[in-house]
Amino acid sequence: MYKDTDCGAPRASDIGKEIMVAGWVHRRRDHGNLIFVDLRDRTGLLQVVFNPEVAPEAHSLAEGMRSEWVIQATGKIRARLPGAANPNLDTGEVELIVSDSQVLNRSLTPPFEVEDDTDADESTRMANRFIDIRRPEMLSRLQLRHRVTHLIWDHLTDNGFTQVETPILIKSTPEGARDYVVPSRVRPGAFYALPQSPQQMKQMLMVCGVERYFQIARCFRDEDLRADRQPEHTQLDLEMSFVHQGDVMGLVEGLYARIVSETRPDAKLGTPFTKLSYDEAIERYGSDKPDTRFGLEMCTITEIAAKSEARVFQAVAGSGGTIRAFSAPGCADYTRRQTDQLIDVARAAGAQGLVYIAIDKSAAAIDEIEDGHIRSPLKNYMSVEIVKEIATAADASPGDLVLIVAGTQAIANNALSALRTEMAERLELIDPDEFKFAWVYDFPLFEWDEESQSWAPAHHVFSAPKQEHIQYIESDPGRVYADLFDLTCNGVELGSGSIRIHDPEVQMKVFNVIGYPDHEIEDRFGHLLKAFRYGAPPHGGMGLGLDRITAMLAGQSNIREVIAFPKTQSAWDPLFDAPSAIADDQLDELHIAVNVED
RNA sequence: GGCCCCGUGGUGUAGUGGCCUAACACGCCUCCCUGUCAAGGAGGAGAUCGGCAGUUCGAAUCUGCUCGGGGUCGCCA
């Protein structure tokens, strides 16, 4: 070993000990004779002192040392001079007086400094990740990620799970996201696909009798990137046999509560987790992943608003749309500029516009609102009575600003949901140290796809309809709900699960509703359907994004911050320069002709 | 594919038509300095302003195209 002690370890109790440390030169302070080096390894910083009177050779070596050189130093731990302790360092009461030192490696001047508050641009950080990750903040995020996966292994092992690896080279079943594809050398013209998730394989494992499976699985999707989306992401994939919806939820809840409480003991964790049916989540929050750290709950006022003279409301109500609202407390004094900003938020979320009603705080009560208390662009088209009814429905008080969006269900909910988040931020209703988990369960099995004018699976084709709804599958698919559930936290979807269909006949009915032709069913799912005919146990499970929960635990909104080597928004790896062209003979061997215009 | 923001020494920024022979901070180099810890002092090097084309007597600055980064909508069963 090049060291017998970590840099972050020495304390006052170690004074007098002879130790050997090794690490990176974090900073060097040269006083001409005395030279101080802050030596850094993964555990922290130690002040290392080179004194020419104590060790002249080591001192002259230290004169040449520069940032990020790798050095080794031997010497004695001693107390710092009185008044010279550094309370900002864990090792600040002591220092190493060097008797012997070696340069293990030199370093170019780093492109940016290794410090937590880096001001380097993210692309610079990514292209120099070997420097970036030396920053304690980044290193601790990787360590956090490790702790999370370790807890997953422990917890699931304790609960009878078996970790099984599934193949990365699988069959392409085009649907949903675009596949990443790998050519076959041995079978000219044929391609593997990388898994978008191990979905079919884990269900197969249930038929195999594994009963409780998990995997920290890499999943690949060739779709456009976002702050919370990479082309490859890591998912905690798990599946259980002989369970109902609540069993899976209970197990995952235990795991996630443990992860949060052990990695973020400072955080406020609400247990048991909130449970909302899908319908309730939409009604109260306009979203299937509501941030439940704050209220600002919504209400539907279609019928009340339709009674007004306002043509927008009448038109929307008359065409089967919905009119919804919520009340922003204390915002009645919003200026034109502020309400315009809210209108922009609504428009960005797809709404035509936004109607607001400001109820002046001088009103004694909602019942006693008078004309002079009301400020609204549609004031001339709404009677005081209607305003009272709307305000009552929205649970508004004098001084509040009622925000109203009319449109289709989807548009009204999207816009109001965006406004709800906006208002929570403006009103500072969000506690950043709170982890407010919420289960959303009983999703609809299908959703109507306007574009293709057909029913599509709301999540995926294997989710089981609720037993009592199976009768409607063919006659009224929109009425069928499923044992399908999402885990959300602070308005972010962390994972999604369901009880799966284990009856081949029900599965075929679902395929029929979606409109898959027989040959396609056979091609894509034949292997799984075949297995199901040999005694598939009832089963269900979840897939949970590891990047997102880790980012959340690290207090980051961008998952790149918890990924060692992430890709840019154009799916480029600036560190290793992937993807890149390959040699012609490599292409030949793979029977591939590249067709690129330049 | 749409929309928005950004691109100037190694790093982060300032400069929005001539005062730019491009400024500042950090970093880097040389010298001085025995207690600093974002050490200090003195001096110095380092950028044709992402690229191309155009407008102009004159472009970091205006216009067009393009490349790259970020955010977001579409997309992500």
Side-chain angles (χ1 to χ4, degrees), chain A residues 26-39 45-54 59 63-64 66-68 78 80-89 91-92 95 97 107-128 131-132 173-179 196-197 199-200 219-231 233 344-345 347-350 414 418 443 445-447 449 451-452 455-463 484 493 496 498 510-511 514 516 524-525 543 545 557-558 560 566-570 572 574:
Chain A
H26 187 65
R27 243 180 266 278
R28 192 183 70 109
R29 293 176 293 279
D30 186 344
H31 288 244
N33 274 316
L34 212 53
I35 297 173
F36 299 95
V37 165
D38 289 337
L39 193 65
L45 291 179
L46 179 65
Q47 175 163 285
V48 170
V49 187
F50 294 87
N51 187 328
E53 289 167 15
V54 176
H59 178 268
E63 284 182 319
R66 292 295 181 268
S67 286
E68 300 309 310
R78 70 179 186 194
R80 293 202 186 183
L81 293 183
N86 184 347
N88 298 321
L89 287 184
T91 60
E95 63 191 8
I97 178 72
S107 170
L108 298 174
T109 300
F112 52 92
E113 287 176 74
V114 176
E115 57 189 358
D116 274 346
D117 289 323
T118 185
D119 52 8
D121 187 76
E122 202 188 341
S123 54
T124 309
R125 291 174 49 206
M126 276 170 66
N128 297 280
I131 303 294
D132 191 38
T173 58
E175 180 186 1
R178 278 183 281 263
D179 282 328
Q196 296 178 23
S197 80
Q199 184 62 36
Q200 293 194 50
C219 305
F220 306 86
R221 290 175 191 181
D222 187 3
E223 294 294 341
D224 288 354
L225 279 65
R226 289 284 188 287
D228 60 354
R229 264 194 252 154
Q230 284 273 302
H233 77 278
D344 287 342
V345 171
R347 289 213 173 115
N414 276 348
F443 275 72
L445 183 56
F446 302 106
E447 56 192 28
D449 182 24
E451 208 172 306
S452 62
W455 291 101
H459 273 62
H460 61 60
V461 295
F462 307 109
S463 298
L484 218 168
E493 182 193 321
S496 178
S498 66
V510 169
F511 285 143
I514 300 166
Y516 288 160
R524 290 185 191 176
F525 311 112
S557 56
N558 189 323
R560 289 188 298 266
K567 292 181 177 60
T568 68
Q569 200 165 71
S570 54
W572 180 53

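Computed from a predicted model, the values in this text were never measured in an experiment. A note on names: the letters A, B, ... follow the listed sequences, proteins ahead of strands, and every chain is numbered from 1.
- For A:Gln569, counting side-chain heavy atoms from C-beta on, the closest listed nucleotide (B:rG69, B:rC75, B:rG70) is B:rG70.
- Proximity of A:Ser123 to the phosphate of B:rG68: no side-chain N or O atom is located under 4.0 Å from OP1 or OP2.
- Of the candidates B:rG70, B:rG12, B:rC76, the closest approach to any side-chain atom of A:Arg221 belongs to B:rC76.
- Using a 4.0 Å heavy-atom distance criterion, A:Asn558 is classed as a sugar-phosphate-only contact.
- Applying the Watson-Crick and G-U wobble criteria (two distances, each under 3.5 Å), B:rG64 pairs with B:rC52.
- Of the listed nucleotides (B:rU72, B:rC28, B:rU36), B:rU36 has the atom at the smallest distance from the side chain of A:Phe36.
- For a distance-only test at 3.5 Å, the side chain of A:Arg229 qualifies as a donor-acceptor partner of the base of B:rC75.
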Distances under 3.5 Å between nitrogen or oxygen atoms of protein and nucleotides 1-6 of chain B:
{"unit_1": "B:rG1", "atom_1": "O6", "unit_2": "A:Asp224", "atom_2": "OD2", "d": "3.4"}

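- Nucleic acid contact class of A:Glu493 (heavy atoms, under 4.0 Å, all strands): none.
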Contact list (N/O, under 3.5 angstrom) for nucleotides 32-34 of chain B vs protein:
{"unit_1": "B:rC33", "atom_1": "N3", "unit_2": "A:Asp30", "atom_2": "O", "d": "3.2"}
{"unit_1": "B:rC33", "atom_1": "N3", "unit_2": "A:Gly32", "atom_2": "N", "d": "3.2"}
{"unit_1": "B:rC33", "atom_1": "N4", "unit_2": "A:Gly32", "atom_2": "N", "d": "3.4"}
{"unit_1": "B:rU34", "atom_1": "OP2", "unit_2": "A:Asn33", "atom_2": "ND2", "d": "3.2"}
{"unit_1": "B:rU34", "atom_1": "O4", "unit_2": "A:Glu53", "atom_2": "OE1", "d": "2.8"}
{"unit_1": "B:rU34", "atom_1": "O4", "unit_2": "A:Glu53", "atom_2": "OE2", "d": "2.2"}

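- Within 4.0 Å (heavy atoms only), A:Ala418 reaches no atom of the nucleic acid at all.
- Residue-level contact check: A:Ala120 touches the backbone only, with heavy atoms under 4.0 Å from sugar-phosphate atoms and none from bases.
- Under 3.5 Å, the side chain of A:Arg27 and the base of B:rC37 form no donor-acceptor pair of N or O atoms.
- If you check B:rC24 for Watson-Crick or wobble pairing at under 3.5 angstrom, you find it paired to B:rG12.
- Evaluation of atom-type donor-acceptor distances gives no pair under 3.5 Å for the side chain of A:Glu122 against the base of B:rG71.
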Identify each atom pair where a protein N or O and an N or O of nucleotides 24-26 of chain B are less than 3.5 Å apart, giving names and distance.
{"unit_1": "B:rC26", "atom_1": "O2'", "unit_2": "A:Glu113", "atom_2": "OE2", "d": "2.7"}

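- Of the listed nucleotides (B:rG71, B:rG10, B:rC37), B:rC37 has the atom at the smallest distance from the side chain of A:Asp38.
- Residue A:Arg80 places a side-chain atom within donor-acceptor reach of the base of B:rC37, judged by atom type and a 3.5 Å distance cut-off alone.
- Residue contacts shown for A:Arg560 are limited to sugar-phosphate atoms, with no base heavy atom under 4.0 Å away.
- Residue A:Arg28 places no side-chain atom within donor-acceptor reach of the base of B:rG27, judged by atom type and a 3.5 Å distance cut-off alone.
- Between B:rU36 and A:Arg29, no contact under 4.0 Å exists linking OP1 or OP2 to a side-chain N or O.
- OP1 or OP2 of B:rG69 sits under 4.0 Å from a side-chain N or O of A:Thr568.
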